[in-house]
Enquirer: 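Quick one: this structure, given as structure tokens, is what I'll be asking you about.
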Amino acid sequence: MTFSNAKFSDAVLAWFDHAGRKHLPWQQAVTPYRVWVSEIMLQQTQVSTVLPYFQRFMASFPTLADLARAPIDEVLHHWTGLGYYARGRNLHKAAQLSCERYAGALPDTLDALMALPGIGRSTAGAILALGFGQRAVILDGNVKRVLARHQALAGDPAKAAVSKAFWALANALTPTQRCADYTQAMMDLGATLCTRSKPACSRCPVQTSCMAYAQGEPTRYPEKQRKQAVPTREAILMIHRQHDQVWMQQRPSTGIWGGLWSFPEWPADAELPEQAEPLPAFMHVFSHFRLHIRPVLFSSRAVLGVSDANGRWVTLSDLPALGFPAPIYSLLQRLGARQEVC
DNA sequence: AACTCGGGGTG
DNA sequence: CACCCAGAGTT
């Protein structure tokens with residue numbers, strides 16, 4: 001480690017001691033399991049969004065063994081509304097693999113952690129540093145932003161060559177001593193001071209050595225390529241209702257809304273039957289397309305035009321045991337409010 | 001290397 | 001509306 005690298009981590013650690021976050025739920029009663037669950041939930045998801053999900057998840061699955069033996073549908077129910085549902089499936093699968101391979105504990109090496117589904121290089125580093133107290137390196141959105149600005153690193157970090165440079169820099173700056181605190185400090189720095197817009201440079205512990213600050217335009221970094229406008233698709237959802245039940249299907253485990261329960265789709269270009277009663281349509285936005293959802297209510301006795309594969313009748317009391325995409329769960333609640341399901 | 005995967009917060 | 005957030009898996 002060079003003198004300047006040690007100076008960087010020392011300044012970051014000194015700042016952490018008086019300004020870092022120390023009261024987040026996963027910072028209390030720290031275990032590798034709790035750190036792991038929090039890191040998975042926090043992938044591409046902000047802290048404030050995760051907080052209630054983490055608390056509910058830990059109350060239901062307090063240990064890795066509890067998670068491993070829980071039904072997948074119950075795990076996915078705890079993910080309802082959180083998004084990126086493959087994270088929930090991978091978490092469950094990795095818990096079972098850990099029970100089989102490592103006697104109910106998480107492994108404590110980078111390679112073994114990365115071999116588990118849902119754990120990549122950065123999450124493995126976070127588990128080792130925060131959960132096991134090892135010297136390990138992370139590179140999440142916060143760290144990328146801090147490093148890009150401090151070193152005025154040009155290029156889109158999504159590009160492989162640029163990413164390699166970011167990892168090398170992150171590794172060079174990560175100290176051997178107090179690695180857990182440094183790891184938390186870098187995330188805190190990115191989340192609270194070195195924010196995407198309006199960074200609080202006046203309070204930054206490494207402002208004097210920050211190249212982007214010296215250049216006068218810190219928000220220029222990190223560079224990102226612009227995304228093109230997303231297309232809009234249409235989905236007609238058939239809500240077959242019989243008394244207090246609706247007919248639902250579990251989606252395939254891969255692809256959009258994998259493993260979650262939804263209503264059967266009616267081909268967007270086909271004509272609707274006479275007895276179809278349209279409900280208010282609404283828009284659901286994904287990162288890569290917009291979905292115009294047109295719910296249609298069928299009160300007929302027969303389930304029309306859908307195969308019964310992966311399907312079942314669902315009542316209100318079934319909801320806690322199943323996973324749903326946010327717009328479908330919202331639709332179910334609206335149906336319940338109309339006392340059509342409940 | 002490019003693409004796929006959600007939902008919510010923010011300006 | 002655009003952007004992005006404690007990224008990883010698939011192709």
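The sequence lines fix the lettering, A, B, ..., with proteins before strands; numbering per chain opens at 1. Because the structure is a prediction, the values reported are computed rather than measured.
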Enquirer: Under a 3.5 Å cutoff, is there a donor and acceptor pairing between the side chains of A/N90 and A/R87?
Expert: no

Enquirer: Taking the minimum atom-to-atom distance to the side chain of A/A326, which one of B/dG6, C/dC4, B/dG7 wins?
Expert: B/dG7

Enquirer: Contacts to DNA chain C from residues 13-26 of chain A, heavy-atom cutoff under 4.0 Å, which residues?
Expert: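 A/R21, A/L24, A/W26 - these, ordered by number, are the residues of the stretch whose heavy atoms sit under 4.0 Å from the strand.
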
Enquirer: Please determine, for the side chain of A/W257, which listed nucleotide (B/dG7, B/dG11, C/dA8) has the closest atom?
Expert: B/dG7

Enquirer: For nucleotides C/dC4 and B/dC5, find the distance between their C1' atoms and express it as a whole number of Å.
Expert: 15 Å

Enquirer: How close do A/P25 and A/R34 get, heavy atom to heavy atom, and via which atoms?
Expert: O-NH2, 2.7 Å

Enquirer: Starting from the 5' end of DNA chain C, give me the residue, A/I119 or A/L42, whose nearest nucleotide shows up first.
Expert: A/L42

Enquirer: 5'-most contact on DNA chain C: A/P222 or A/R121, nearest heavy atom basis?
Expert: A/P222

Enquirer: Going by side chain to side chain contact (heavy atoms under 4.5 Å, CB included), A/F61 matches just one of A/E74, A/H92, A/R56. Which one?
Expert: A/E74

Enquirer: I'd like to know if A/D10 and A/R178 make a salt bridge, using a cut-off of under 4.0 Å between side-chain N and carboxylate O.
Expert: no

Enquirer: When the C1' atoms of C/dG9 and B/dG8 are compared, how many Å lie between them, rounded to an integer?
Expert: 23 Å

Enquirer: Think A/R145 has a side-chain N or O under 4.0 angstrom from the OP1 or OP2 of C/dC5?
Expert: yes

Enquirer: Could you please name the option among C/dA8, C/dC1, B/dA1 that lies closest to any side-chain atom of A/R290?
Expert: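 That would be C/dC1.
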
Enquirer: If we count only N and O atoms by modelled type, under 3.5 Å, do the side chains of A/T174 and A/N171 hold a donor and an acceptor together?
Expert: no

Enquirer: For a quick check, tell me whether the side chain of A/T45 and the base of B/dG6 share a donor-acceptor pair closer than 3.5 Å.
Expert: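 Yes, the side chain and the base share a sub-3.5 Å donor-acceptor pair.
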
Enquirer: Are any of A/R196's side-chain N or O atoms less than 4.0 Å away from OP1 or OP2 of B/dG9?
Expert: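 False: A/R196 side-chain N/O out of range (4.0 Å or more) of B/dG9 OP1/OP2.
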
Enquirer: Could you please name the option among B/dG6, C/dG7, C/dA6 that lies closest to any side-chain atom of A/S122?
Expert: C/dG7

Enquirer: Between A/T49 and A/L82, which residue's closest nucleotide on DNA chain B lies nearer the 5′ terminus?
Expert: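 Nearest nucleotide further toward 5': that of A/L82.
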
Enquirer: Can you check the distance between C/dA6 and B/dC3, where both ends of the measurement are the P atom (answer in whole Å)?
Expert: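 My reading of the P atoms in C/dA6 and B/dC3 gives 24 Å.
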
Enquirer: How about A/W266 and A/P273: do any of their side-chain heavy atoms sit closer than 4.5 Å?
Expert: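 Yes, close enough: below the 4.5 Å cut-off.
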
Enquirer: Identify which nucleotide among B/dG9, C/dA6, B/dG6 has an atom closest to any side-chain atom of A/I256, counting heavy atoms from C-beta outward.
Expert: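 Given the options B/dG9, C/dA6, B/dG6, the side chain of A/I256 is closest to B/dG6.
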
Enquirer: Should A/Y53 be listed as having a side-chain N or O under 4.0 Å from OP1 or OP2 of B/dG7?
Expert: no

Enquirer: Give me the distance, rounded to whole Å, that separates B/dG9 from C/dA8 when you measure between the P atoms they each carry.
Expert: 23 Å

Enquirer: Checking contacts here: which listed nucleotide (C/dA6, B/dG6, B/dG8) is nearest the side-chain heavy atoms of A/M187?
Expert: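 For A/M187, the side-chain atoms sit closest to C/dA6.
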
Enquirer: Choosing from C/dG7, B/dG11, C/dC5, which nucleotide comes nearest the side chain of A/S197?
Expert: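 Nucleotide nearest to A/S197's side chain: B/dG11.
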
Enquirer: Closest approach to the side chain of A/Q46, judged atom by atom: which nucleotide of C/dA6, C/dC5, B/dG7 is it?
Expert: C/dC5

